[in-house]
Amino acid sequence: MNFNYSNPYTSIRLPLFARNVVATSHPLGAQAGLRMMLQGGNAVDAAVASAAAMTILEPVSNGLGSDAFCILWDGQALHGLNASGRAPQAWTPDYFKSRYGASARTPPKRGIDSVTVPGAVSAWVALSERFGKLPFAELMVPAIELAERGYLVPPVVQQKWAAPVDELKALPGFAGAFLPRGRAPVVGELFQFPAAARALRAIAATKGEAFYTGEIAQALAQFSAQHGGSLSLHDLSRHRPEWVTPIAKNYRGYTVHEIPPNGQGIAALMALGILDQFDLGSLPVDGVDSQHLQIEAMKLAFADVYRFVAEPASMEVTAEQMLDDSYLASRAKLIDMGRAQDFKAGSPNDPHRKGGTIYLSAADENGMMVSFIQSNYMGFGSGCVEPGFGISLQNRGHGFSLDPASPNVVAPGKRPFHTIIPAFLTKDGQPVMSFGVMGANMQPQGHMQTLVRMLDHGQNPQAACDAPRWRFNTGLEINVEATMNPATVQGLSQRGHHMAVINDSYQDFGAGQFICRAGDPKVEGYVAASDARRDGQAVGF
């Protein structure tokens, strides 16, 4: 890719150029991965070590009770891994309505009844066994050291840590794990997590078996039962990550790859397919027309994703139907350049028509590239922490519906609609870039906005990271970063977008990492960027 390396946006960051690269939202997490490469490991070893370290370094965003997804290029082919967990066998709509009332529309946002089987540890093991070079136990060493010795809490993590304390402090295990002095840590204060170190040692010694069938699994089942939950040893022992074929969409001569449903990556592909009907490159990159088109395309994509996407076996339409060129062209025709609209879902299966967190990336000089994401969801997830092993449990169950007519209705052993999505870019069947953006429904929006900047306008990855972003919420509501051109904000308002300018950038607009091939990995290596909206960094050699 030919980039313009000037950066018109306010930033103190520069792209990193190196042959071996790790990029995460915490510098110590990136260093954990780089340490594996310096010990002779590859990009998968680096990604797994970084992922384990990040459960300690950024516990508000992920933990040992997270789910995870990955897309990787092994040097010859692209592979996808879905390590999202399934609902406990006891979960049905009646289970929740009997507990939370007949008017309940989803499982609860917090608490033990929001917890599905955690899948992140299984992802680490699966990746290591299939593609890693180093012994699995070695990959856990940096995380164990961080948990035992501790680290000083950085500014962005601290702010995210403190924000949900009032909501979570009474939940089982939360205060003991994350309020060690009766409050959230302050910036620069030491945080240690010996219980998680104990878990990591057991995970390392058993290649994850302790988590799903051994002593950790038993502790999790006991903890769930003690607090009225239904997650059982049987539920944990049945979990298996799934290797999947990524779904894809061509855009401007490149191919964008995402994990297929039950995730929302298809939203980014649909939006790009809609935008492919317009000549964005001829429009000013930060102008009203370009931003309006992107917002409307994203809204159209979300309208279908929220209506149709679920566990694939429960969907009434296929991913192929949702990504069909003629269908997306018909959706593009609904965009009015003069006004904002509140779009409804379309009919991708119409028979009369022919024919959508923490993120890290790693790449090595042998050409292996890894796009990896794991999350507890909604800031500390369920808020429940098993105390003996420090397992901070996700709240992905909240992503289910209790509406029997919904394809995403809760059921025993079913996977919920998922927000976390790694992404990958290829050209003519060859790898170009591993990338991702964090932040619930901001993720596909960030994928689309950064790719438009790079592929339509030639902006380099760091400039695309630093550029001001918008975020669609619901209806006509749009949040924008305070650094966006006021004339653009005013122009979008005049077209009917309900604009809210937000100063708290890293909380509302995600953050991301990008690693792009600069040529032969052994010669030119990679260009990498890490978003300043978090405490992240790209490191390499």
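This chain uses plain numbering: 1 for the first residue, then up along the sequence.
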Check whether any side-chain N or O of [X] sits under 3.5 Å from a backbone N or O of [Y] as a donor-acceptor pair, and report yes or no.
X      : Y      : value
Arg533 : Cys465 : yes
Asp286 : Met484 : no
Thr357 : Gln374 : no
Gln158 : Pro185 : yes
Arg453 : Gly458 : no
Ser282 : Asp279 : yes

[X] side chain near [Y] side chain, heavy-atom distance below 4.5 Å:
X      : Y      : result
Thr116 : Phe400 : yes
Asp336 : Glu296 : no
Met54  : His26  : yes
Pro261 : Met315 : yes
Met1   : Leu455 : yes
Arg415 : Glu242 : yes
Ser361 : Ser434 : yes
Ile259 : Ile421 : no

Will you find, in the side chains of [X] and [Y], an N or O donor that is under 3.5 Å from an N or O acceptor?
X      : Y      : answer
Ser25  : Gln513 : no
Ser84  : Asn82  : yes
Ser375 : Asn62  : no
Arg534 : Thr24  : no
Asn4   : Ser6   : yes
Asp466 : Gln462 : yes
Asp304 : Tyr327 : yes

Which atom pair, heavy atoms only, marks the closest approach of [X] to [Y]?
X      : Y      : result
Ile71  : Pro422 : CD1-O, 3.6 Å
Ala248 : Thr255 : CB-CG2, 3.6 Å
Met438 : Tyr359 : SD-N, 3.2 Å
Pro348 : Phe308 : CD-CE1, 3.5 Å
Ala184 : Leu179 : N-CD2, 3.5 Å
Leu275 : Leu293 : CD2-O, 3.6 Å

Separation of [Y] [atom2] from [X] [atom1] (nearest 0.5 Å):
X      : Y      : atom1 : atom2 : answer
Asn395 : Ser114 : CG    : OG    : 4.5 Å
Glu481 : Phe509 : CD    : CZ    : 5.0 Å
Phe380 : Phe174 : CZ    : CZ    : 4.5 Å
Arg495 : Leu476 : CZ    : CG    : 14.5 Å
Met454 : Arg252 : CE    : CZ    : 14.0 Å
Ile112 : Leu231 : CD1   : CG    : 7.0 Å

Salt bridge check: are [X] and [Y] linked by an N-O gap of less than 4.0 Å?
X      : Y      : result
Lys109 : Glu167 : yes
Glu316 : Arg307 : yes
Glu311 : Arg86  : yes
Lys249 : Asp325 : yes
Asp324 : Arg331 : no

Exercise for review: Test Ser290 against every option in Val285, Leu280, Ile295, Thr488 by the side-chain contact (heavy atoms from CB on, under 4.5 Å) rule and name the one that passes.
Suggested key: Leu280
Check your understanding: Only one of Asn460, Asp531, Leu425, Val437 clears side-chain contact (heavy atoms from CB on, under 4.5 Å) with Phe514; which?
Key -> Val437
Aromatic plane relationship, [Y] with [X] - under 30° parallel, 30 to 60° tilted, over 60° perpendicular:
X      : Y      : result
His398 : Tyr377 : tilted
Phe424 : His257 : perpendicular
Tyr100 : Phe96  : parallel

Point to revise | Residue pair Trp470, Gln445: steps toward the side chain to side chain contact (heavy atoms under 4.5 Å, CB included) verdict | key: CA-CA 8 Å; Trp470 49 264; Gln445 302 185 59; 3.2 Å; yes
Exercise for review: Quick one: do Ile247 and Leu269 satisfy side chain to side chain contact (heavy atoms under 4.5 Å, CB included)? Show the steps, please.
Suggested key: CA-CA 9 Å; Ile247 54 176; Leu269 301 184; 3.7 Å; yes
Check your understanding: Do other residues, nucleotides or ligands put more than 12 heavy atoms under 6.0 Å from Arg105 CZ?
Key -> no
Point to revise | Working for side chain to side chain contact (heavy atoms under 4.5 Å, CB included), residues Asn441 and Phe302 | key: CA-CA 9 Å; Asn441 77 339; Phe302 273 137; 3.9 Å; yes
Review point. Under the side-chain hydrogen bond (donor to acceptor under 3.5 Å, both in side chains) criterion, do Asp456 and Tyr251 qualify, and how do the steps go?
Key: CA-CA 10 Å; Asp456 286 284; Tyr251 185 75; 2.5 Å; yes
Exercise for review: For Val432 and Cys516, run side chain to side chain contact (heavy atoms under 4.5 Å, CB included): C-alpha distance rounded to whole Å, both residues' side-chain angles, the deciding distance at 0.1 Å, then the answer.
Suggested key: CA-CA 6 Å; Val432 174; Cys516 184; 4.1 Å; yes
